[in-house]
Amino acid sequence: MGQIQHHLTDPLLIGYAAGSLPEAFSLVVATHISLCDDCRARLGEFETVGGCLLDDCAPRPLAPGAFQATLHRIATHADDTPPAPAPAPPDTPFPAPLRAYAGPDVAAVRWRAMGGGLRQARLNTAPGASLRLLHIPAGTRLPDHGHRGLEMTLVLQGAFSDEDGRFARGDIEIANEAVHHTPVAEQGEDCICLAATDAPLKFNGLVQRIAQPFLGI
Amino acid sequence: MPNPDRTPDWAEYMRRIRQDRDQAAFGAVFDHFAPRIKGFLIRSGASESMAEDCVQDVMATLWHKAHQFDPSRAAVSTWIFTIARNKRIDALRKQRRPEPEDIAWGPEEEPDQGDVLALAQETAQLGDALAKLPEKQRVLIERAYYAELSHSEIAAETGLPLGTIKSRIRLALERLRHAMK
Ligand SMILES: [Zn+2]
């Protein structure tokens, strides 16, 4: 904690607090917050705004008997809390929300090779944005690429650097149409990232553009 | 200025619900919040019958999960908002809601009463400040929370009158982290 340099933006935190983000973005937000108390506190701020708006909302009369029906529901429906998630395996780089999508550990991920030593695994979410894990060997340079929509990349292990700085565990890079970057994974440890985007990536080089449909990225 | 005598001490009602399973306290929370939750859900696009069903669900969850409510980290209205929001995602959008890894109180930990009071006061002040925003800005914020705006439509400069709440929550988190060591 405390060493994270790159954080969530206000619009993303508001969208998450309001519950309007696509599921893939929500998972990246929840995973970052699991690692970052600063954004956890900022989310608390934005949820407090939600509470104030709720408290200030024009009341709508309930159907007659709603209170009795609620008591009945309490008596007949046991607590629907899902069972506590399995305890984290030691040294997993996956915080709890991500384990619900990707499995307990890196070894459980079904990676697919993408060429150049790069591997990725798509994770299933509701439509609106797509989600994947990226495994980038230490020292690898990714192809120069731009973006059509919004892309969030959260580092889980290792680190990469690009024009916007250095990104290590817990750091999140948020890129849009305006950003072209050429990330390079640091030497030492392979870099594992969680990435969500609401549009397919577009690579700038002709070879990558041709390869893109085959890589499925 | 918020008047503490005017606003019921909802955290105290929640304590009675949690510790004493007090139905009268639950009734008071229900009378205040349930019609507002319904108004909120209908403004967010729920039908009359879906809103009724969700309200009962939210209030039943409040009863069952009262032990998870931590008054030093969130006001009661904030906590109820998060439950209602999650039910709305479930009912209207049929999506999962990934939640951050929880930081739970240790078994012995009791929230500090000074913190609880301060957070309630700061929340009330924020509510007052929101009410005083220019109409145009307030409408935009409401639209964001009623899920009428996408993340790309929410402006980076929201102009939200946020001040002390974050540092208050931050303090509570630091204390939790410390207690877990
Ligand atoms: Zn952060």
Side-chain angles (χ1 to χ4, degrees), chain A residues 1 9-12 14-15 17-23 25-27 29-31 33-34 37-38 40-63 66-67 69-71 73-74 77-81 95-98 100-101 125-126 149-150, chain B residues 27 30 34-40 42-43 51-52 55-57 59-60 63-65 73-75 77-82 84-86 88-89 93-101 123 126-127 130-131 141-142 144-145 147 149-152 154-156 158 160 162 165-166 169-170 173 177:
Chain A
M1 295 280 167
T9 61
D10 281 355
L12 282 167
I14 293 172
S20 58
L21 292 186
E23 187 181 337
F25 286 166
S26 286
L27 180 69
V29 170
T31 307
I33 288 171
S34 301
D37 275 356
D38 188 52
R40 197 186 280 266
R42 286 167 66 209
L43 174 67
E45 232 174 9
F46 289 125
E47 287 179 339
T48 306
V49 171
C52 291
L53 294 178
L54 171 70
D55 206 30
D56 209 36
C57 193
R60 298 276 291 230
L62 296 171
F67 183 64
T70 304
L71 291 181
R73 193 175 288 219
I74 287 169
H77 294 49
D79 187 356
D80 63 353
T81 310
L98 177 57
Y101 286 77
T125 60
L150 180 78
Chain B
F30 188 98
R36 287 170 170 77
I37 300 167
K38 184 172 175 184
F40 184 84
I42 286 178
R43 275 253 358 227
E52 279 285 335
V55 167
Q56 292 186 27
D57 236 20
M59 294 310 295
W63 175 272
H64 285 309
K65 294 194 178 163
R73 281 166 67 189
S77 59
T78 308
W79 190 60
I80 294 177
F81 163 75
T82 61
R85 168 201 68 200
N86 291 1
R88 187 187 69 199
I89 295 170
R93 302 181 67 204
K94 314 247 182 273
Q95 291 193 6
R96 285 161 85 183
R97 164 78 181 181
E99 292 283 348
E101 201 160 312
T123 302
L126 175 61
L130 283 173
I141 291 165
E142 285 181 358
Y145 279 83
L149 299 180
S150 72
H151 54 277
S152 55
I154 299 171
T158 56
L160 276 170
L162 301 170
I165 303 276
K166 178 182 151 195
I169 299 168
R170 177 90 217 194
L173 290 175
R177 296 283 182 206

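Here is the naming used below: chain letters follow the sequence lines, and residue numbers restart at 1 for every chain.
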**Student:** Give a yes/no verdict on a cation-pi contact between B/R96 and A/Y101, requiring under 6.0 Å between NZ or CZ and the six-membered ring centre and an angle within 45° of the axis.
**Tutor:**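 Checked: cation-pi criterion met.
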**Student:** Kindly say whether B/A34 contributes a backbone atom to a donor-acceptor pair with the side chain of A/R60 at under 3.5 angstrom?
**Tutor:**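 Checked: no pair found.
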**Student:** Is a side-chain donor or acceptor of A/E47 paired with a backbone partner of B/T78 at a separation under 3.5 angstrom?
**Tutor:**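 No; zero donor-acceptor contacts below 3.5 Å.
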**Student:** With the threshold set at 4.0 Å, does a side-chain nitrogen-carboxylate oxygen contact exist between B/R97 and A/E23?
**Tutor:**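 Salt bridge between B/R97 and A/E23, a charged N being under 4.0 Å from a carboxylate O: no.
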**Student:** Checking heavy atoms, do the side chain of A/L71, its backbone, both or neither come under 4.5 Å from chain B?
**Tutor:**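 For A/L71, side-chain heavy atoms alone lie under 4.5 Å from chain B.
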**Student:** For B/T123, is it the side chain, the backbone, both, or neither that has a heavy atom closer than 4.5 Å to a heavy atom of chain A?
**Tutor:**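 It is both, since atoms from each part get that close.
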**Student:** Using a 3.5 Å distance criterion without hydrogens, assess whether the side chain of A/H77 forms a donor-acceptor pair with backbone atoms of B/A60.
**Tutor:**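 Judged by distance alone, no pair lies under 3.5 Å.
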**Student:** Where on B/I80 is there a heavy atom nearer than 4.5 Å to chain A: the side chain, the backbone, both, or neither?
**Tutor:**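 Looking at B/I80, backbone and side chain both touch chain A.
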**Student:** Measuring heavy-atom distances to chain B, does A/P95 have an atom under 4.5 Å in its side chain, in its backbone, in both, or in neither?
**Tutor:**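 Both backbone and side chain.
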**Student:** Charged N to carboxylate O below 4.0 Å: is that the case for B/R36 and A/D56?
**Tutor:**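 Between A/D56 and B/R36 there is no salt bridge, as every charged N stays at least 4.0 Å from the carboxylate O atoms.
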**Student:** Under 4.5 Å from any heavy atom of chain A, what part of B/E52 do you find: side chain, backbone, both or neither?
**Tutor:**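 The answer is the side chain of B/E52.
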**Student:** Side chain of B/K38, backbone of A/P61: donor and acceptor closer than 3.5 Å?
**Tutor:**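 Looks like yes, one N/O pair under 3.5 Å.
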